[in-house]
Amino acid sequence: MRLNHVYFILLLLLASISLPATNHPSPIQLQHVNTKGYVVRVVYRDVNGILWLGTTSGLVTLPQLASRNPSAYHRTMPEPNTSVRDISGDSQGRMWIKTHYNVNYLYDPRKCDAVEDTPAMLLQKGIKVEGEYTVAADTLDNVWVYCANRFYWLPKDAAKARQIAIASHEQILKVVVDGQRAIAMSTKACYTIDTKNWRMLRRVPLPEGHNFRDHIYFTGDGTPWIWASNKLWRYEGGQWVMTVLNSSSDITAVAQDADKRLWISCQSDGIFISDLRGNMLSHMLHIPGNPYGLQSNRVENLSYDDIGNIMWIAYTKGGLSLHTTNHTPAQLHTIQTPSSITQQ
C-alpha cells in the first residue's frame, strides 16, 4: 500500500509539471481600443507622426476615434467621410486615399483640403485613367498609378510620368515600396523596379493555379511574400517557397514586427506567428474572458507601425487591438491631432 501511495504522489507531481499553465495570459499581450461601431480597414502613420485610421465611416485619427463622438470630426468634403480602402502618403504629409467606391483623392490635413478631380490632375502629368484605377505614393515622393494594363510612375519633381511596359494580357493589382525598390504585382507576375535608377530589374511569374488578388507584402530583409487561401509564398533563391497554414481559413493580412516575427491573420482563425522562413511559432485565438487576448478570431487587417513599434489588429466586425512594449493605454491617446498642426 505504501509503495502504491508513493507512485500516486509521483504521478500527481508529473501531471502538475506537464499540464499547461492555463491561468496565465499569452506572452503576447494585447491592448484594445473601442472603435464605437466603426470598422477599421487601414492604419497609417504619416511623416508628421499622426496616426490615421481608414474606417467604414471615413478618415479619422486615433484620438478622434477614441473621443465620445467621432462623427463630429467629419469634414466638409464628401470623400473623407466615405469608407476607406487604402492610404499611402508622401514626404509632405499629404495622403492618397482610395475609397470603397474606387474613388481616389489627394488629402492635405494641414489645409484640410482635398483634390477630388484626380483624373484631371493626373492627365496634366500625362497619366490617363478611366474606370477603376489606383494611385499610391511613398515618402520618397514617387507616385504610382495603375489602371488595367497601364502602369505609370511619376518620380519626384518630374514634369511627366513614365509608362512602364507590361504584357497586354496582364493587369497591375498592387504596388509596394521598400526603400529604393518597388514591386508591382500583376495578375501574372511580380515586377521589381529600381526607383533610384529608374529601370526594371526583373519579372518573376507567380505560382500558377492560385488567385492572389492584391496580396503582397515586403519583410524588412526585402523578401516579397504573397498569399492565397491558406497558403503563402516567399521569394527566395530565385524561386517561390510555399508555406501552408494548419488551418482551412483564408489569410487576410501579413505583417512583420520588431522581433522579426511574421504575423499572419486569418478570416476566421485568429493569428498565426512564424519566423521569416515560414516556421510556425504560435497560434493566437480568441479566448472568452481573457482581457489580454484577441477580441475575435475574425481579423480584417494587420498594420505594423515601426515608428511607434505597434502591431495593430483590426477586426471584421469592428474593434481594434494592439501589441506594443513602448506605450501604456494612456499614452496612446496623446498622439498629435490635425488641430494642433500649424496651418500653412
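The residues of the chain are indexed from 1 along the displayed sequence. Since we're looking at a predicted model, the values are computed, not measured.
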message = Rounded to the nearest 0.5 Å, what separates atom OG1 in Thr134 from atom CG in Asn102?
response = 7.0 Å
key: Candidate pair Leu59 and Ile87, rule side-chain contact (heavy atoms from CB on, under 4.5 Å), full reasoning   = CA-CA 10 Å; Leu59 182 70; Ile87 303 174; 3.8 Å; yes
Check: Ile264 and Met280 side chains under 4.5 Å, non-hydrogen atoms = yes
request  = With side-chain contact (heavy atoms from CB on, under 4.5 Å) as the test, would you mind laying out the steps for Trp263 and Asp257 before giving the verdict?
outcome  = CA-CA 7 Å; Trp263 294 48; Asp257 66 14; 2.8 Å; yes
Residues Arg110, Asp108: salt bridge by 4.0 Å N-O rule = no
ask   = Does Lys317 come within less than 4.0 Å of Glu300, counting only side-chain N to carboxylate O?
value = no
query = Counting N and O atoms only, with roles assigned by atom type, does the side chain of Thr324 sit under 3.5 Å from a partner on the main chain of Ile310, one being a donor and the other an acceptor?
reply = no
The single option from Tyr315, Trp312, Tyr292 passing side chain to side chain donor-acceptor pair (under 3.5 Å) against Ser321 = Tyr315
message = Is it the case that over 12 heavy atoms from other parts of the model lie below 6.0 angstrom from the CZ atom of Arg162?
response = yes
ask   = If you measure from CD on Gln267 to OG on Ser247, what distance do you get to the nearest 0.5 Å?
value = 10.0 Å
query = How long is the span from the CD atom in Gln256 to the CG atom in Asp306, to the nearest 0.5 Å?
reply = 10.0 Å
ask   = Can you check whether Thr35 reaches Leu65 side chain to side chain, under 4.5 Å on heavy atoms?
value = yes
ask   = Does atom NZ of Lys160 have more than 12 heavy-atom neighbours, drawn from other residues, nucleotides or ligands, at distances under 6.0 Å?
value = yes
message = To the nearest 0.5 Å, what is the distance between CD1 on Ile216 and OH on Tyr235?
response = 12.0 Å
request  = Decide whether Leu154 and Tyr146 are clustered together by the hydrophobic rule: side chain heavy atoms of Ile, Leu, Val, Met, Phe, Trp, Tyr closer than 4.5 Å, transitively.
outcome  = no
inquiry  = Applying a strict under-4.5 Å side-chain criterion to I, L, V, M, F, W and Y, I'd like to know whether Tyr152 and Trp96 cluster together.
reply    = yes
message = Atom CG of residue position Asn246 - does it have more than 12 heavy atoms of other residues, nucleotides or ligands inside 6.0 Å?
response = no
query = If you measure from CD1 on Ile226 to CZ on Arg213, what distance do you get to the nearest 0.5 Å?
reply = 13.5 Å
note = Applied to residues 118-130, the side-chain hydrogen bond (donor to acceptor under 3.5 Å, both in side chains) test, sequence neighbours excluded, yields Thr118-Tyr133
task = Using a strict 4.0 Å threshold on nitrogen-to-oxygen distance, state whether Lys188 and Glu208 make a salt bridge.
result = no
query = Is any side-chain heavy atom of Ile313 closer than 4.5 Å to a side-chain heavy atom of Leu302?
reply = yes
query = Closest approach of Trp225 and Leu276, non-hydrogen atoms and distance?
reply = CZ2-O, 3.2 Å
key: Arg94 and Asp113 ion-paired at < 4.0 Å   = no
request  = Could you walk me through whether Asp269 and Ser249 pass side chain to side chain donor-acceptor pair (under 3.5 Å), step by step?
outcome  = CA-CA 6 Å; Asp269 201 12; Ser249 180; 5.9 Å; no
Candidate pair Arg261 and Asp259, rule salt bridge (Lys or Arg N to Asp or Glu O under 4.0 Å), full reasoning = CA-CA 5 Å; Arg261 297 175 300 189; Asp259 296 321; 3.4 Å; yes
request  = Check whether any side-chain heavy atom of Met242 sits under 4.5 Å from a side-chain heavy atom of Arg234, and report yes or no.
outcome  = no
task = Going by the salt bridge (charged side-chain N to carboxylate O under 4.0 Å, His left out) test, name the single residue among Arg41, Lys98, Lys174 that passes it with Asp86.
result = Lys174
ask   = Are Tyr105 and Val42 co-members of a hydrophobic cluster defined by side-chain heavy atoms under 4.5 Å apart?
value = yes
inquiry  = Below 30° counts as parallel, above 60° as perpendicular, anything between as tilted: where do the rings of Trp227 and His215 land?
reply    = parallel
inquiry  = Angle between ring planes, Trp233 versus Phe212, binned at 30° and 60°: parallel, tilted or perpendicular?
reply    = perpendicular
task = Could you walk me through whether Ser186 and Leu173 pass the side-chain contact (heavy atoms from CB on, under 4.5 Å) test, one step at a time?
result = CA-CA 5 Å; Ser186 79; Leu173 304 175; 5.8 Å; no
query = Does Met311 reach the side chain of Ile28, with side-chain heavy atoms less than 4.5 Å apart?
reply = no
Validation row: His323, Gln31 side chains within 4.5 angstrom (heavy atoms) = no
request  = For residues Asn104 and Val135, report the shortest heavy-atom separation together with the two atoms involved.
outcome  = OD1-N, 3.3 Å
query = For the hydrophobic clusters of this structure (ILVMFWY residues joined by side-chain heavy atoms under 4.5 Å, transitively), does one cluster hold both Phe272 and Leu262?
reply = yes
ask   = Just how far is it from atom CD1 of Ile251 to atom OG of Ser265, taken to the nearest 0.5 Å?
value = 8.5 Å
query = Looking only at heavy atoms, which two atoms of Gln92 and Asn48 are closest? And how far apart?
reply = O-ND2, 4.4 Å
Heavy-atom pair with the smallest gap, counting every atom of Thr243 and Gly278 = CG2-O, 3.4 Å
Glu170, Met185, Arg202 screened by side-chain contact (heavy atoms from CB on, under 4.5 Å) with Tyr191, the one that passes = Glu170
Closest contact, heavy atoms only, Trp240 versus Pro205 = NE1-O, 2.9 Å
Check: Ile271 and Val299 side chains under 4.5 Å, non-hydrogen atoms = yes
request  = Test Ser91 against Thr139 for side chain to side chain donor-acceptor pair (under 3.5 Å), laying out the working first.
outcome  = CA-CA 4 Å; Ser91 66; Thr139 54; over 6 Å; no
ask   = Which pair of heavy atoms, one from Val175 and one from Ala184, lies closest together, and at what distance?
value = CG2-CB, 4.1 Å
Heavy-atom donor-acceptor pair, Asp138 side chain to Asn142 backbone, under 3.5 Å = yes
request  = Evaluate side-chain contact (heavy atoms from CB on, under 4.5 Å) for Val129 paired with Val145, printing each intermediate quantity in order.
outcome  = CA-CA 8 Å; Val129 294; Val145 184; 3.7 Å; yes
ask   = How about Ile183 and Ile193: do any of their side-chain heavy atoms sit closer than 4.5 Å?
value = no
query = Same hydrophobic cluster for Val33 and Val40, using side-chain heavy-atom links shorter than 4.5 Å among ILVMFWY?
reply = yes
